Asks: 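The structure under discussion is supplied below as structure tokens; questions concerning it will follow.
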Amino acid sequence: MSDLHIRSAALTDIDAVLAFWREAAEGTSISDDRDGLVRLITRDPDALILAERGGRLVGSVIAGFDGWRCHLYRLAVHPEQRRQGIGSALLTAAEERFVALGGRRGDAMVLERNETGRHAWRAAGYAPEEQWRRWVKHLTT
């Protein structure tokens with residue numbers, strides 16, 4: 001894994017990240033667009049963490065901290081690169097970021113139907129909390 005490079009995303013990465021998510025991420029989000037990523041990177045330049053191998057984007061995770069809670073989104077690894085420690089390296093970087101910011105607990109958004117993702121999160125030490133459910137209200141149409 002010495003050829004794996006973990007870094008924060010830059011505005012110049014946006015098109016590559018969006019293309020990567022279309023190929024590697026499970027599901028889509030209302031924020032999966034250029035404007036959403038510009039806002040994220042501008043507001044919190046270290047929140048979107050990328051993994052590269054040989055100059056190619058092979059993984060991502062969003063590690064958002066609002067001062068109260070640590071939220072993880074968009075953990076994705078290219079299908080041809082899975083089970084090689086990339087997801088673990090991304091989560092380690094995210095968790096180190098959270099600890100440095102004073103965070104105490106990370107939570108992840110995981111689609112119920114995403115069996116691969118649920119196994120990956122469990123392997124990383126995360127567990128579902130069945131007493132919680134996500135409540136959503138779209139603020140734009």
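Being a predicted model, the structure only gives us computed values, none of them experimental.
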Asks: Which heavy-atom pair separates P45 from S8 by the least distance, and what is that distance?
Replies: O-CB, 3.6 Å
Asks: Which atom pair, heavy atoms only, marks the closest approach of Q84 to E80?
Replies: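 That closest heavy-atom pairing would be NE2-O, 3.5 Å.
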Asks: Is the CD atom of E129 crowded by more than 12 outside heavy atoms at less than 6.0 Å?
Replies: yes
Asks: Working to the nearest 0.5 Å, report the span between CZ of R104 and CH2 of W68.
Replies: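 Interatomic distance, R104 CZ to W68 CH2, rounded to 0.5 Å: 7.5 Å.
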Asks: Could you check whether H78 and R53, counting side-chain N and O atoms only, form a donor-acceptor pair closer than 3.5 Å?
Replies: no
Asks: L90 and side-chain contact (heavy atoms from CB on, under 4.5 Å): which partner among L72, I6, L4?
Replies: I6
Asks: Do V61 and V99 sit in the same hydrophobic cluster, where Ile, Leu, Val, Met, Phe, Trp and Tyr count as joined when their side-chain heavy atoms come under 4.5 Å apart?
Replies: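 No, it is not one cluster - the side chains of V61 and V99 are not joined through contacts under 4.5 Å.
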Asks: Do you know which two heavy atoms are closest between I49 and A63, and how far apart they sit?
Replies: CD1-CB, 4.1 Å
Asks: Tell me the closest heavy-atom pair linking A124 and L91, and the distance in Å.
Replies: CB-CD1, 3.5 Å
Asks: Would you give the length of the straight line joining atom CH2 of W21 to atom CZ of R74, rounded to the nearest 0.5 angstrom?
Replies: 6.0 Å
Asks: Which heavy atom of C70 sits nearest to which heavy atom of G103, and what is that distance?
Replies: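 That closest heavy-atom pairing would be SG-CA, 3.5 Å.
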Asks: Give a yes or no on whether a salt bridge exists between D44 and R39, defined as a side-chain N under 4.0 angstrom from a carboxylate O.
Replies: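 Result for this pair is no, no salt bridge flagged.
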Asks: Does some side-chain heavy atom of P128 sit less than 4.5 Å from a side-chain heavy atom of R122?
Replies: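 In contact.
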Asks: Measuring from L37:CG to D13:CG, what's the distance to the nearest 0.5 Å?
Replies: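 So the gap between those two atoms works out to 10.0 Å.
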Asks: Take I14 and T12 through the side-chain contact (heavy atoms from CB on, under 4.5 Å) test and state the conclusion after the steps.
Replies: CA-CA 6 Å; I14 290 174; T12 55; over 6 Å; no
Asks: Would D32 and R22 pass as an ion pair if we require N to O under 4.0 Å?
Replies: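 Salt bridge absent between D32 and R22.
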Asks: Working to the nearest 0.5 angstrom, can you tell me the gap between I86 CD1 and Q81 CD?
Replies: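 Here the interatomic distance stands at 4.5 Å.
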Asks: Would you compute the distance between atom OG of S60 and atom CZ of F20 and round it to the nearest 0.5 angstrom?
Replies: 5.0 Å
Asks: Rounded to the nearest 0.5 Å, how far does CG of L48 lie from CZ of R7?
Replies: 9.0 Å
Asks: Identify whether L11 and I62 are in the same connected component of the hydrophobic contact network (ILVMFWY, side-chain heavy atoms under 4.5 Å).
Replies: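 Yes, one cluster joins them.
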Asks: Check the angle between the aromatic planes of W121 and Y126 and answer parallel, tilted or perpendicular using the 30° and 60° thresholds.
Replies: perpendicular
Asks: Return the minimal non-hydrogen interatomic distance between L40 and A47, and the atom names on each side.
Replies: CD1-CB, 3.9 Å
